[in-house]
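Below is one structure, written out as structure tokens; comments come after it.
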Amino acid sequence: MHGGFGNAPKFPIAPVLAFLTAAGGPGRALAERTVRLMGASPLHDPVDGGFFRYSTQADWSEPHYERMLTDNALLLRVATELGRAWPNDEHTVSIADGVARFLIDRLQLPDGGFASAQDSESVIDGERSEGGYYRQDADGRTRLAPPPLDEKVLTGWNGLAIGALARHGFVRRDDRSVTAARRSAELLLATHVRADGNLVRASLDGRASTAVATLEDTGMFAGGLLELAAVTGEPGYAVSARALIDAALAAASDEGDGEGRLPFAAPGGGDPVLRARGLALPDDPAEGAAPSGLTACADAAWRLYLLGAGDAYLASAERAMASVAGIALERPLAFGGSLELMARLAAPVVQLVTVVPEPEPVPEHERSSADDGAASDEPALLAATRGRRPPSP
């Protein structure tokens with residue numbers, strides 16, 4: 001009746017909407033209808049453009065006013081794809097543009113990273129108010145202090161924002177979105193990748209957390225880098241993504257033999273505190289508001305395959321999805337990201353080849369040291385990446 005799934009409390013479940021969008025036909029129509037109804041409801045902020053976390057009512061009214069990086073990054077991706085198919089649909093396009101604006105203007109920090117969330121409460125007239133700020137129009141907000149940000153910079157969640165903004169910038173020809181994606185990627189590559197290649201889980205005010213990065217961090221960051229590489233044509237981002245996925249593949253192979261072993265594992269062996277107490281658990285493949293670490297890594301591996309990195313990446317993605325295929329069909333709302341990737345794996349790959357004149361060689365004095373190192377270290381992947389653009393859904 002109101003779009004979406006389930007009764008109150010009601011969540012957007014963005015991975016499911018992404019699956020339906022990619023599926024086409026009646027599925028895409030349902031996703032489009034849901035996004036339209038959400039965009040016209042109190043769940044959507046008409047001033048800043050973002051979406052709130054969930055609604056306490058089935059008709060998307062009376063929202064919980066916290067705004068999450070995950071939800072908005074994933075919903076940006078969905079709205080962008082819907083707008084790409086219907087570029088003259090001002091409503092869907094304006095939703096996508098508004099979410100991108102929210103991510104950049106509200107959640108992006110001065111150093112380029114994205115905050116994890118914006119609080120639901122703010123202080124108005126000396127008292128804490130739930131949603132009071134968001135119920136103001138644009139003029140009313142200018143006289144109030146905005147709700148505070150949760151300024152943790154999480155590697156995986158920033159990866160989702162990088163990919164969504166890069167894609168939005170490509171589809172909408174919006175350089176601002178691509179620049180925002182690039183700023184976050186450069187920050188994470190400089191400060192969230194340790195000397196040994198392992199990832200930092202999070203940082204706050206420039207201080208890196210000692211927490212061990214999760215499989216989610218690896219897969220989501222790698223996926224964002226691959227989207228940025230395809231959009232910008234800069235293969236160095238793809239090289240960095242491949243190093244992350246290779247580390248996850250190597251970590252899985254180090255766990256020993258076993259029929260149930262998955263192709264990806266978090267480098268570093270998981271949380272050492274939990275492991276020391278015998279409480280460490282395998283990565284949960286189920287999804288809700290965001291894809292699981294397993295799905296994120298498998299999706300990045302599939303994209304590496306499309307960019308010419310080799311059939312081994314496709315095999316890893318297929319094996320990962322085979323491990324959850326049965327339960328995903330039984331519980332589709334909890335495996336939207338997995339179902340989307342399974343559908344893409346089952347579909348034929350369509351490639352568009354553009355023949356252009358051979359470019360003039362770059363003079364030696366204009367070549368950067370980064371280009372020299374990348375070209376010598378990763379010739380096959382770079383050659384495959386150059387000239388590629390995002391694969392068609």
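Fair warning: this is a prediction, and the values are worked out from it, not measured in the lab. Numbers here are sequence positions counted from 1.
- Not counting sequence neighbours, Asn72 has no partner by the side chain to side chain donor-acceptor pair (under 3.5 Å) test.
- Heavy-atom neighbours of Asp175 CG from other residues, nucleotides or ligands within 6.0 Å: at or below the threshold of 12.
- Salt-bridge formation is not detected for the pair Glu62/Lys10: no Lys NZ or Arg NE/NH1/NH2 atom is positioned less than 4.0 Å from an Asp or Glu carboxylate oxygen.
- Note that Arg67 lies outside the cation-pi zone of Tyr65, set by a 6.0 Å cut-off to the ring centre and a 45° limit from the axis.
- With values rounded to the nearest 0.5 angstrom, Leu262 atom CG is found 9.0 Å from Leu215 atom CG.
- In this structure, Leu69 and Leu160 have side chains that are not in contact, with every pair of non-hydrogen atoms separated by 4.5 Å or more.
- At least one side-chain heavy atom of Leu339 sits under 4.5 Å from a side-chain heavy atom of Leu329.
- Put simply, OH on Tyr313 and CG on Leu249 are 7.0 Å apart, with the number rounded to the nearest 0.5 Å.
- Shown here is Asn7, whose CG atom has no more than 12 heavy atoms of other residues, nucleotides or ligands within 6.0 Å.
- Residues Val47 and Leu103 do not share a hydrophobic cluster, defined by chaining ILVMFWY side chains whose heavy atoms lie under 4.5 Å apart.
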Q. Can Thr295 and Met321 be said to form a side-chain contact (heavy atoms from CB on, under 4.5 Å), step by step?
A. CA-CA 7 Å; Thr295 295; Met321 292 300 95; 3.8 Å; yes

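- Both Leu226 and Tyr305 belong to a single network of hydrophobic side chains, linked directly or stepwise wherever heavy atoms of I, L, V, M, F, W or Y lie under 4.5 Å apart.
- Environment of CZ in Arg194: crowded, with over 12 heavy atoms of neighbouring residues, nucleotides or ligands closer than 6.0 Å.
- Using a cutoff of 4.0 Å between basic side-chain nitrogens and carboxylate oxygens, Asp45 and Arg106 are not scored as salt-bridged.
- Distance check, rounded to the nearest 0.5 Å: CG of Asp48 to CG of Asp105 gives 8.0 Å.
- A donor-acceptor contact shorter than 3.5 Å is absent between the side chain of His192 and the backbone of Arg201.
- Hydrophobic clustering of Ile, Leu, Val, Met, Phe, Trp and Tyr side chains at less than 4.5 Å, counting indirect connections, unites Leu109 with Leu107.
- Under a hydrophobic clustering in which Ile, Leu, Val, Met, Phe, Trp and Tyr are joined whenever their side-chain heavy atoms come within less than 4.5 Å, directly or via other members, Leu189 and Val200 fall into different clusters.
- A donor and an acceptor atom, one from each side chain of Thr214 and Asp217, are located under 3.5 Å apart.
- A pairwise comparison of heavy atoms in Ser129 and Arg135 identifies OG-NH2, 4.3 Å as the closest pair.
- Each of Phe11, Tyr54, Phe52 was compared with His64 under the ring pair (Phe, Tyr, Trp, His ring centres under 6.0 Å) criterion, and only Tyr54 meets it.
- Under the 4.5 Å side-chain heavy-atom criterion for Ile, Leu, Val, Met, Phe, Trp and Tyr, Leu149 and Val123 are members of distinct hydrophobic clusters.
- You'll find the side chain of Arg128 reaches within 4.5 Å of the side chain of Asp119, heavy atoms only.
- Proximity of Arg303 to Glu227: side-chain heavy atoms (C-beta onward) are separated by under 4.5 Å at one or more points.
- Under a 3.5 Å cut-off, the side chain of Asp59 and the backbone N or O of His2 do not form any donor-acceptor pair.
- Here the OG1-CG distance, from Thr142 to Leu144, works out to 8.0 Å after rounding to the nearest 0.5 Å.
- Listed for the Glu81 side chain is no donor-acceptor partner under 3.5 Å among the backbone atoms of Ala22.
- A donor-acceptor pair under 3.5 Å is formed between the side chain of Arg28 and the backbone N or O of Thr21.
- Looking at Arg183, its side chain does come within 3.5 Å of a backbone N or O of Pro110 through a donor-acceptor pair.
- In terms of heavy atoms, Gln57 sits closest to Ala8 at CA-CB, 3.8 Å.
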Q: Would you please test Lys152 and Trp157 for side-chain contact (heavy atoms from CB on, under 4.5 Å) and show each step?
A: CA-CA 10 Å; Lys152 289 193 310 293; Trp157 293 13; over 6 Å; no

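- Checking Gln108 against Ser184 by side-chain atom types alone, no donor-acceptor pair falls below 3.5 Å.
- Proximity of a side-chain donor or acceptor of Arg141 to a complementary backbone N or O of Gln136 within less than 3.5 Å is detected.
- Distance check, rounded to the nearest 0.5 Å: CH2 of Trp60 to CG of Leu37 gives 9.0 Å.
- In this structure, the side chains of Phe264 and Leu294 come closer than 4.5 Å at one or more pairs of heavy atoms.
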Q: Begin with the C-alpha distance, continue with both residues' side-chain angles, and end with the deciding distance and a verdict on side-chain contact (heavy atoms from CB on, under 4.5 Å) for Asp174 and Val178.
A: CA-CA 7 Å; Asp174 186 343; Val178 177; over 6 Å; no

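- Note that CG of Asp111 and CG of Leu187 are 4.5 Å apart. Values are rounded to the nearest 0.5 Å.
- The shortest heavy-atom contact between Ala185 and Tyr237 is CB-CE2, 4.3 Å.
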Q: Go through Val153 and Leu188 one step at a time and tell me if the side-chain contact (heavy atoms from CB on, under 4.5 Å) criterion holds.
A: CA-CA 9 Å; Val153 176; Leu188 265 63; 4.1 Å; yes

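- Side-chain contact check for Arg53 versus Pro63: every heavy-atom pair is 4.5 Å or farther apart.
- A side chain to side chain donor-acceptor pair (under 3.5 Å) with Ser177 is found for exactly one of His168, Arg172, Arg167, Arg101, namely His168.
- The nearest pair of heavy atoms linking Leu75 to Ala14 is CD2-CB, 3.9 Å.
- The side-chain heavy atoms of Gln118 and Phe102, taken from C-beta on, include a pair separated by under 4.5 Å.
- Leu225 is listed as a side-chain neighbour of Leu244, based on a closest heavy-atom distance under 4.5 Å.
- In terms of modelled atom types and a separation under 3.5 Å, the side chain of Ser120 and the main chain of Gly131 share no donor-acceptor contact.
- For the pair Gly337 and Pro15, the tightest heavy-atom approach, listed with the atom from each and the gap, is N-CB, 3.6 Å.
- The shortest heavy-atom contact between Ser203 and Ala208 is CB-CA, 4.1 Å.
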